[in-house]
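Inspection log for the structure reproduced underneath, given as structure tokens.
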Amino acid sequence: MPQAVPEHVVKKRKAQEAIAADRQATLIKERKENKEARKAMIVRTAKYHKEYKQAAADLVRFRREAKKHGNFFMEPEPKLVLVVRIKGINSVDPKTRKILQLMRLRQINNAVFMKVNSASINMLRLAGEYVTYGPPNLKTVRELIYKRGFASVKKQRMPLTDNKIISEALGEHGITCMEDLIHEIYTVGPKFKECNRFLWPFKMSCAKGGMPKKRLHFIEGGQYGDREELINSLVRKMN
């Protein structure tokens with residue numbers, strides 16, 4: 001006769017089977033949700049690329065029309081700047097040190113995005129010779145977030161290896177993936193503050209070829225201050 005299976009073994013088997021069934025159901029549900037999320041992400045990414053392309057085409061058209069009619073075209077004012085700290089902590093006065101802390105530039109070669117307004121302009125003026133800045137292009141924003149991007153989650157530095165990290169932190173604002181984050185930063189959208197705070201300050205490498213004449217302003221052949229579109233070439237040297 002077959003030996004009777006103890007009751008506690010039967011209960012344990014049933015419990016394990018129930019757990020396995022729940023796990024399988026959860027896995028199927030997650031796969032379905034991930035598939036739908038990927039489809040939505042692809043649609044939004046295509047929409048963003050179309051928007052960037054249209055904006056670039058409009059700018060070229062406006063320039064051509066102005067040149068055709070013999071007028072001057074006033075370039076649009078930048079809404080976003082990338083600020084890079086180029087000098088260390090030696091001989092920093094307390095006021096400048098505080099400004100750099102407010103800008104989240106606590107270390108040399110740190111970089112952050114900033115929205116252009118009167119407050120940020122004053123902070124950049126007060127930071128003086130410790131920073132250089134300029135409006136980044138789309139390629140620079142994308143490369144920084146993809147290559148050097150880290151999230152600030154509960155004051156911990158976490159690598160952006162999964163869209164779930166973004167979705168959990170910014171999902172309530174409609175930001176669920178890397179392309180959403182890039183779009184919100186580059187266009188300085190309504191949720192720029194939340195997205196920028198979510199990004200940990202970028203830790204850049206030392207510039208290839210060095211940075212001579214740090215004591216001089218950029219327009220004098222030095223390094224600090226506003227370097228306009230040339231900030232993009234600096235990022236290439238430091239990325």
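Since the structure is predicted, the reported quantities are computational estimates derived from the model, not experimental observations. Starting from 1, each residue takes its place in the sequence as its number.
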Taking salt bridge (charged side-chain N to carboxylate O under 4.0 Å, His left out) as the definition, give me every residue that meets it alongside Glu172, ordered by chain and number, with sequence neighbours left out.
none
Give me the other members of the hydrophobic cluster that Phe150 sits in, counting Ile, Leu, Val, Met, Phe, Trp and Tyr linked by side-chain heavy atoms under 4.5 Å, directly or via other members.
Trp200
Listed partners of Arg44 passing salt bridge (charged side-chain N to carboxylate O under 4.0 Å, His left out), at least two apart
Asp180
Please identify each residue that fulfils ring-ring contact (aromatic ring centres under 6.0 Å, His included) with Tyr130, with sequence neighbours left out.
none
With Asp58, which residues qualify under salt bridge (charged side-chain N to carboxylate O under 4.0 Å, His left out), at least two apart?
Arg61
Test: side chain to side chain donor-acceptor pair (under 3.5 Å). Region: residues 95-111. Which pairs qualify, not counting sequence neighbours?
Asp93-Thr96
Which pairs with one or both residues in residues 194-220 pass salt bridge (charged side-chain N to carboxylate O under 4.0 Å, His left out), sequence neighbours excluded?
none
The criterion is side chain to side chain donor-acceptor pair (under 3.5 Å); which residues satisfy it with Thr26, sequence neighbours excluded?
none
Phe202: ring-ring contact (aromatic ring centres under 6.0 Å, His included) partners, not counting sequence neighbours
Phe113
For residues 159-169, run the donor-acceptor check on the side chains, cut-off 3.5 Å, and write out each pair with its distance to 0.1 Å, sequence neighbours left out.
{"residue": "Asp162", "atom": "OD1", "partner": "Lys164", "partner atom": "N", "Å": "3.1"}
{"residue": "Asn163", "atom": "OD1", "partner": "Met178", "partner atom": "N", "Å": "3.3"}

Salt bridge (charged side-chain N to carboxylate O under 4.0 Å, His left out) pairs, two or more places apart, involving residues 127-146
Lys87-Glu129, Arg142-Glu179, Glu143-Arg236
Among residues at least two apart in sequence or on other chains, which ones pass salt bridge (charged side-chain N to carboxylate O under 4.0 Å, His left out) with Lys29?
none
